[in-house]
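Input: a single structure, listed below in structure tokens.
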Amino acid sequence: MASRKFKAVFFDLDGTLVDIHGPLYIAAKNALDELGHEPPLTHERFREALSSDDVWLGVPEHLRPEYVKLAYAYFLAEVDKTERLEVLPHVQDTLAELKRRGYATGVITSRPGDSRRLVEKLAMVGLASYLDQVVTQTTSTLRALDKTESLKQTALKAAILPRACMYVGDEPRDIMAALGAGYGASVAVATGSASFKYLQTHPYFKPDYVIRSMAELIGLLDNLKAEMAE
């Protein structure tokens, strides 16, 4: 590890702090329907696919680029019209404890648009007061999925070296961004679309740590501090 003394813990949003499964199912179903894919996607099939890490839901390889574009567009439309975020278990307590301990915090999401609107949604569910920064993307294209530059800029704005920052996300692309930004640690949490095993064994973007829920994050930080003290 480049550094085990962290001053900042930054988070992905969807699948990490708030539930993603409802909007993700609707986006996948709409995209598959538009492609004319059969049979129609059901909740049961969607849950089975997630549990077996079948991210393509049977879409043929030649249609996958179009499926990604459609699913992303439908997902953005779905989360944009959702009035209230559904906060995942242990998130609020964990954020409160991080602030009590003096960590810099923030959300760095692939969602596009005005960050002030997202701050309002986070305030509605009691999370905004625990976050120093809320960073959205300036584009709604697939380029927004790469948050590397946003992670770099968030560390810079917090006046903290990247190696003293930790990023927590639920997908391999979150780990990719943390690596690209030079963060001191990446943590994958298995509360989104990827399973614990998939995150743990990804062939390209391996997180430094994998946890099953946000309830484990404070313990992880405590363990890292204890290792430094030895």
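By convention here, the first residue in the shown sequence is residue 1.
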Taking NZ, NE, NH1 and NH2 as the nitrogens, is one of them in [X] or [Y] under 4.0 Å from a carboxylate oxygen of the other?
| X | Y | result |
| --- | --- | --- |
| Glu97 | Arg100 | yes |
| Glu216 | Arg212 | no |
| Asp12 | Arg111 | no |
| Asp222 | Arg101 | yes |

For the rings on Tyr167 and Phe10, is their centre-to-centre separation under 6.0 Å?
-> no

Give a yes or no on whether the ring-centroid distance for His202 and Tyr198 is below 6.0 angstrom.
-> yes

Checking [X] side chain against [Y] main chain: does a donor-acceptor pair fall under 3.5 Å?
| X | Y | answer |
| --- | --- | --- |
| Gln133 | Thr154 | yes |
| His21 | Gly192 | yes |
| Tyr25 | Arg47 | no |
| Asp80 | Leu76 | no |
| Thr94 | Met214 | yes |

In this structure, would [X] and [Y] fall into the same cluster of hydrophobic residues linked by side-chain contacts under 4.5 Å?
| X | Y | result |
| --- | --- | --- |
| Leu161 | Val9 | no |
| Val68 | Ile26 | yes |
| Leu88 | Leu220 | yes |
| Tyr130 | Ile160 | no |
| Val91 | Val18 | yes |

Less than 4.5 Å apart, any side-chain heavy atom of [X] and any of [Y]?
| X | Y | value |
| --- | --- | --- |
| Thr148 | Lys152 | yes |
| Ser110 | Lys147 | yes |
| Leu70 | Leu35 | yes |
| Phe11 | Ile108 | no |
| Pro112 | Thr138 | no |
| Val210 | Lys197 | no |
| Leu32 | Pro40 | no |

Regarding [X] and [Y], do their side chains bring together a donor and an acceptor under 3.5 Å, going by distance alone?
| X | Y | result |
| --- | --- | --- |
| Ser195 | Asp53 | yes |
| Ser150 | Gln137 | yes |
| Ser52 | Asp54 | no |

Qualifying residues under salt bridge (charged side-chain N to carboxylate O under 4.0 Å, His left out), relative to Lys99, sequence neighbours excluded = Asp132

Residues passing the salt bridge (charged side-chain N to carboxylate O under 4.0 Å, His left out) test with Lys7, sequence neighbours excluded, are none

Verify the neighbour count for atom CD of Glu38: are there more than 12 heavy atoms of other residues, nucleotides or ligands below 6.0 Å?
->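 Yes, the 6.0 Å shell around CD holds more than 12 heavy atoms from other groups.
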
Qualifying ring pair (Phe, Tyr, Trp, His ring centres under 6.0 Å) pairs, either residue in residues 75-122, two or more places apart |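 Found none.
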
Do you know which of Val119, Leu98, Leu122 makes side chain to side chain contact (heavy atoms under 4.5 Å, CB included) with Leu131?
->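 Filter result, single survivor: Leu122.
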
